[in-house]
Amino acid sequence: MQVFNAFFKIARKRITAISIYFIIYAVITLIFSFTASDEINSKFQAKSLTISITDEDHSTASAAVTEYLSSLHEISELPADEEAISDQLYYRTLDYVLIIPSGFEEKLLSQEKENLFENIKIPGSANGYFVDQQISQYTSTLQLYLAGGCSLDDAVAKTNTSIDELAPVSSVSFHDAKNNTSSRVFYLYQYLPYIFIAMLFTGLAPILVIFNKETLHARMCCSAFPLVKRNFYLSIASIVYSLISWILFIIFGLLVYGKEMFSHLSLLCMANSLAFLFVAVALALLISFFAPDDNTVNILANILGLSMSFLCGVFVPQYMLSDGVLSVGKFLPAYWYIKANNMLAGFSSDPFSMNTYYQCIGIQLLFAAAIFAIALSFSKLKSKGR
């Protein structure tokens with residue numbers, strides 16, 4: 001217990017610095033949470049988008065499709081090159097690019113249904129899927145009238161009439177009303193991986209660094225206190241310290257969001273954040289063996305926290321990351337945290353599945369256990385080398 005008590009005596013001396021970090025990150029989280037758009041509602045509403053259309057067929061059928069989309073969306077001029085298109089898609093000044101290739105009308109008249117169009121969009125985006133469905137609905141209806149013996153002009157006229165007479169679109173919620181949760185709650189959890197790494201590296205790791213200093217380590221080796229017990233108590237103290245930090249964030253969430261924090265989906269997010277907390281504790285424990293001073297700890301916190309955040313989807317949504325980046329991200333614990341959080345929030349194309357949720361939690365805990373084992377093994381090897 002001497003190690004445990006000494007740990008919290010050092011922690012009390014650093015409480016001012018730790019409190020400053022907590023306040024800063026709490027404010028940042030609050031700003032992100034309340035400035036973020038409510039994606040759960042906005043992504044499932046019919047709305048006008050900004051799209052660009054290139055008609056290479058110049059036929060009656062292609063003109064009909066262009067006119068139909070023009071009645072629903074704002075048509076923008078196509079950017080000059082692929083890089084400009086990518087930039088506009090990334091910054092959401094352009095939502096969709098449709099290319100009607102030469103020979104479109106012939107394929108339509110021959111009742112072909114595949115490869116009628118080419119498009120450029122953000123992979124997995126709701127806006128892209130929304131426009132795809134509108135185009136598919138229009139061409140399917142047009143081909144239905146053509147198959148019934150109508151001429152192309154009559155088929156276009158009847159298709160336009162049929163589309164106009166469709167029932168108005170209404171928003172549908174896929175969550176149980178009792179468990180409905182504002183998406184802003186999910187933004188509270190979205191940025192916790194970076195916050196946990198930054199806070200624990202700057203608050204917890206320096207305390208562990210003190211215990212790993214040569215002078216203090218030599219004194220403990222001269223005593224009858226075994227290294228295994230010392231590491232055990234340090235690990236327990238680190239977990240208790242981290243749980244206190246986690247509870248403070250939960251209390252902060254309760255003050256801001258109230259009873260929404262106790263919805264079913266929010267409680268699952270809470271459990272997910274607890275799993276990642278153990279990962280952050282293990283990383284702080286491991287990093288303390290390599291960091292001789294606070295400055296080095298801060299550098300490592302920024303490198304690891306920011307790189308993991310950008311590679312795993314904390315700051316940039318996972319659906320916007322390339323396959324190569326996501327392949328690298330899968331080898332990092334934050335990827336699985338974000339995957340579970342996005343699934344719970346409805347921000348990803350993956351349907352909600354408890355099996356997938358448990359898989360994400362399990363992988364995070366395996367990461368934590370592996371890092372803990374490496375840290376304790378390194379501690380033992382380092383002790384023998386002294």
Examine Phe367 together with Phe278 and report whether their ring centres are nearer than 6.0 Å. no
With rounding to the nearest 0.5 angstrom, report the CD1 to OG1 distance, Ile99 to Thr54. 5.5 Å
Is the shortest side-chain heavy-atom distance between Ile51 and Ser76 below 4.5 Å? no
CD/Glu56: more than 12 non-hydrogen atoms of other groups inside 6.0 Å: yes
Quick one: does Met308's side chain get under 4.5 Å of Pro333's, heavy atoms only? yes
Can you see which heavy atom on Leu94 is nearest to which on Ser52, and at what distance? CD1-N, 3.9 Å
Measuring only between side-chain heavy atoms, which start at C-beta, is Ile120 closer than 4.5 Å to Tyr96? no
Check whether Ser266 reaches the backbone of Phe262 with its side chain - one donor and one acceptor, N or O, closer than 3.5 Å. no
For the CD1 atom of Ile195 and the OG atom of Ser245, what is their distance to the nearest 0.5 Å? 12.0 Å
Tyr145 and Ser162: side chain donor to acceptor below 3.5 Å: yes
In the structure I gave you, are the side-chain heavy atoms of Met261 and Val256 within less than 4.5 Å of one another anywhere? no
How close do Lys107 and Asn115 get, heavy atom to heavy atom, and via which atoms? NZ-O, 3.4 Å
Determine, using ring centers only, whether Phe117 and Phe104 are less than 6.0 Å apart. yes
What is the minimum heavy-atom distance between Gly329 and Tyr335, and which atoms define it? O-CB, 2.9 Å
Give me the atom names and distance for the closest heavy-atom approach of Tyr191 to Val314. CE2-O, 3.6 Å
Hydrophobic clusters here meaning ILVMFWY residues chained together by side-chain heavy-atom distances under 4.5 Å, can you tell me if Leu89 and Tyr129 are in one? no
Applying side-chain hydrogen bond (donor to acceptor under 3.5 Å, both in side chains) as the test, list every pair that has at least one member in residues 362-373; sequence neighbours left out. Asn272-Gln364
Closest heavy-atom pair and its distance - Ile75, Ser70: CG1-OG, 3.5 Å
Between the side chain of Tyr357 and the main-chain N/O of Ala340, is any donor-acceptor distance below 3.5 Å? no
Kindly check if the number of other-residue, nucleotide or ligand heavy atoms within 6.0 Å of CD (Glu112) is above 12? yes
Give me the one residue out of Ser273, Cys269, Cys360 that meets side chain to side chain contact (heavy atoms under 4.5 Å, CB included) with Tyr337. Ser273
Is there side-chain contact between Ile303 and Ile299, with heavy atoms separated by less than 4.5 Å? yes
Between Thr139 (side chain) and Ser136 (backbone), is there a donor-acceptor pair under 3.5 Å? yes
In the single-linkage hydrophobic clustering (I, L, V, M, F, W, Y; side-chain heavy atoms under 4.5 Å), do Ile250 and Leu255 co-cluster? yes
Got more than 12 heavy atoms from elsewhere within 6.0 Å of CZ, Phe8? yes
Please report the C-alpha distance between Lys259 and Leu254 in whole Å, then the side-chain angles of each, then the deciding distance to 0.1 Å, and finally whether the side-chain contact (heavy atoms from CB on, under 4.5 Å) criterion is met. CA-CA 7 Å; Lys259 63 181 181 180; Leu254 290 173; over 6 Å; no
Does any non-hydrogen side-chain atom of Val281 lie less than 4.5 Å from one of Tyr241? no
Please work out which of the three classes, parallel, tilted or perpendicular, describes the rings of Phe276 and Phe196, given edges at 30° and 60°. parallel
Side chain to side chain, Gln143 and Leu109, heavy atoms closer than 4.5 Å: no
Rounded distance (nearest 0.5 Å) linking atom CD1 of Ile287 with atom CZ of Phe201: 5.0 Å
How far apart are the closest heavy atoms of Leu204 and Ser242, and which atoms are they? CD2-OG, 3.9 Å
Derivation of the side-chain contact (heavy atoms from CB on, under 4.5 Å) call for Leu116 and Ile100: CA-CA 7 Å; Leu116 293 176; Ile100 306 176; over 6 Å; no
Val325 versus Phe310: any side-chain heavy-atom pair under 4.5 Å? no
Could you tell me how the ring of Phe130 sits relative to the ring of His73: parallel (under 30°), tilted (30 to 60°) or perpendicular (over 60°)? perpendicular
Hey, are Asp57 and Ser59 close enough side-chain-wise for a donor-acceptor pair under 3.5 Å? yes
Residue pair Val97, Gln88: steps toward the side-chain contact (heavy atoms from CB on, under 4.5 Å) verdict: CA-CA 11 Å; Val97 175; Gln88 290 199 28; over 6 Å; no
Hey, does the side chain of Asn119 reach the backbone of Leu98 with a donor-acceptor pair shorter than 3.5 angstrom? no
Testing Val65, Leu142, Leu146 one by one against Val156 for a side chain to side chain contact (heavy atoms under 4.5 Å, CB included), which residue passes? Leu142
Tell me whether the count of non-hydrogen atoms from other residues, nucleotides or ligands lying under 6.0 Å of CD in Glu83 goes above 12. no
Residues two or more places apart in sequence or in another chain: which of them pass salt bridge (charged side-chain N to carboxylate O under 4.0 Å, His left out) with Asp132? Lys121
Approximate separation, where rounding is to 0.5 Å, of Leu365 CG and Trp336 CH2: 13.5 Å
What pairs with Gln318 under side-chain hydrogen bond (donor to acceptor under 3.5 Å, both in side chains), at least two apart in sequence or on another chain? none
Whether over 12 other heavy atoms sit under 6.0 Å from Glu77 CD: no
Given side-chain contact (heavy atoms from CB on, under 4.5 Å), test Gln190 with Phe315 step by step and report yes or no. CA-CA 9 Å; Gln190 179 74 11; Phe315 295 150; over 6 Å; no
SG of Cys150 to NZ of Lys158, rounded to nearest 0.5 Å, is 3.5 Å
CD1 (Ile361) and OG1 (Thr356) are apart, to the nearest 0.5 Å, by 12.0 Å
